[in-house]
Amino acid sequence: MGAGQQESSIGEVSQDHKELDAGALFVLKSKGSWLHCGYHLTTSIVAPALLSLPYAFTFLGWPIGLVCLVIGALVTFYSYNLISLVLEHNAQKGHRHLRFRDMAHDILGPRWGRYYVGPVQFMVCYGAVVGCTLLGGQCLKAIYLLTMPEGTMKLYEFVMFFGCLMLLLAQVPSFHSLRHINLVSLVLCLCYSASATAGSIYVGYSSKGPKKDYSVSGDTEDRIFGMFNAIAIIATTYGNGIIPEIQATLAPPVKGKMFKGLSVCYTMVSITFFSVAISGYWAFGNQCDGMILSNFVMDGRRLMPEWFILMTNLFTILQLSAVGVVYCQPTNEVLERAFSDPQSGEFSLRNVIPRVISRSISVIVAITIAAMLPFFGDINSLIGAFGFMPLDFVLPVVFFNLTFKPSKRSAIFWLNMTIAVVFSALGVVAAVAAVRQIVLDAKTYRLFANV
């Protein structure tokens, strides 16, 4: 290691151990490698939400759908690398940011970190935990109805069953401790994506599936709002919202490691997103359901063998638990900061008891919301529009321009400004579309509904 790298490493280490609060010290401990970082990134991005991509295509059609999918991949890979470069730059200056709100505090000002970025990130991540819990319950119910078609158990019961698994995994002490779980998660996302792709191709070539129709249905208003809803679905599928917290798990020096981790992640993105989106839309056309797995059972008739549907749902359920726990980490960090003592040992009774109690309460609240509001997907669309768009598309390019101050005549400055403006506008329009969908669906909303 050269002298410059040694100085950088010393600066980062000294920063990491100087007056760290309990949240940074225990939850965001910096011990990981770039490969571990790749596992965390893959779990946070390549999640079961990708199974809704064929549904997004039903509002866009082939050309626009493919273009949006490619643009989403290119822009997020670019913006995530920009935010990583900003983090590396500050780390080399001896001021390593471990949290998104810390970056906003120093770059945009204290109020931005405290009153905008912090609350928005918390809302997005906690919304993801609730969404994963609800989807896990729906997958469990799908398995139950396959094996017992006349069963009488309700959705909220399955949400509680899945929540028990979440409650157990939420006690994993730190983000870094999830590295082995997230390696398994990476394998699982490949498994259910391969299953969804193989199933779609099988149905597409058989006579069992629906007649292929790729036209975009609805009147002009429905088509316009449907298009923006679809763009929001694609954008939030690529969403992350916790890049600084993931980079915080890297052992110093961090230079270059995040790019390798993102390369691992986007290799998985390329394999899974495009195969599922293209095969699912090709097989079912504008008949695609919100989750492509639902299309494998049409009007009570199985288009695939029962064991295949059960296996695919099981892969999905297991990965959902890992995704949910990853998005618990920002909440865990806040709770650890509030209730733990950095001067006591991580596993001392002084810290273990409040950790278990606070995390359990946090997950129980998420389980209750998921069970009580089975229409939470509509609300999550609104949260995604207000949250993932600014956190993942807008703020990274703004942070880069404010930190490195590229010339206003340079291409990178105007590229970044274009991304910021376009995706800010898309976020606003997507939020309007999400509110419209909530209004349209409101008449069907019922607490603890068995959907």
Side-chain angles (χ1 to χ4, degrees), residues 44-80 120 123-124 127-128 131 214-241 266 269-270 272-278 280-282 284-286 288-292 377-397 415-441:
S44 62
I45 297 175
V46 188
L50 71 90
L51 298 173
S52 65
L53 289 173
Y55 174 71
F57 272 46
T58 64
F59 298 102
L60 301 171
W62 278 118
I64 299 176
L66 288 170
V67 167
C68 288
L69 204 58
V70 171
I71 289 175
L74 293 175
V75 173
T76 50
F77 184 74
Y78 174 73
S79 65
Y80 294 157
V120 165
M123 184 172 60
V124 165
Y214 304 115
S215 62
V216 179
S217 57
D219 58 27
T220 303
E221 181 184 336
D222 287 338
R223 288 186 181 189
I224 292 172
F225 280 104
M227 181 177 69
F228 285 113
N229 262 328
I231 291 171
I233 289 170
I234 292 172
T236 53
T237 304
Y238 281 109
N240 179 281
Y266 274 78
V269 164
S270 301
T272 56
F273 280 42
F274 288 86
S275 61
V276 170
I278 293 170
Y281 187 56
W282 169 77
F284 298 100
N286 58 17
C288 288
D289 289 335
M291 292 283 284
I292 195 64
D378 284 355
I379 300 171
N380 229 4
S381 296
L382 181 61
I383 293 173
F386 274 122
F388 280 123
M389 287 287 194
L391 292 180
D392 294 322
F393 293 88
V394 180
L395 287 178
V397 296
L415 174 61
N416 291 347
M417 289 302 295
T418 301
I419 290 172
V421 171
V422 168
F423 283 94
S424 294
L426 279 176
V428 172
V429 176
V432 172
V435 170
R436 175 180 178 270
Q437 195 61 45
I438 290 171
V439 171
L440 291 175
D441 293 345

Quick one, Val120 and Phe386 - any side-chain contact, counting heavy atoms below 4.5 Å? no
For residues Val397 and Ala420, report the shortest heavy-atom separation together with the two atoms involved. CG2-CB, 3.8 Å
Any Ile231 side-chain heavy atom under 4.5 Å of Phe59 side chain: no
Hey, what do you get for CZ (Phe284) to CZ (Phe57), rounding to the nearest 0.5 Å? 15.5 Å
For the SG atom of Cys288 and the OH atom of Tyr214, what is their distance to the nearest 0.5 Å? 9.0 Å
To the nearest 0.5 Å, tell me how far Leu51 CG sits from Asp289 CG. 12.0 Å
Any side-chain heavy-atom pair of Tyr80 and Asn240 under 4.5 Å: yes
Side-chain touch Phe393/Thr76, heavy atoms, less than 4.5 angstrom: yes
Give a yes or no on whether the backbone of Leu50 and the side-chain of Thr237 come within a donor-acceptor separation of less than 3.5 Å. no
When rounded to the nearest 0.5 Å, the distance separating CG of Asp392 from CD1 of Ile45 is 7.5 Å
Rounded to the nearest 0.5 Å, what's the gap from OG on Ser424 to CD1 on Ile419? Could you check? 11.0 Å
Do Phe274 and Val70 have side chains that approach each other closer than 4.5 Å (heavy atoms only, starting at C-beta)? yes
Could you tell me whether a side-chain N or O of Asn286 sits under 3.5 Å from a main-chain N or O of Ser215, the two making a donor and an acceptor? yes
Measure across Pro396 and Ser79 and return the closest heavy-atom pair with its distance rounded to 0.1 Å. CB-O, 3.3 Å
Does any part of the side chain of Thr58, heavy atoms only, come nearer than 4.5 Å to the side chain of Tyr281, both counted from C-beta? yes
Is there side-chain contact between Phe77 and Tyr238, with at least one heavy-atom pair below 4.5 Å? no
How long is the gap from CG on Leu53 to CD1 on Ile234, to the nearest 0.5 Å? 6.5 Å
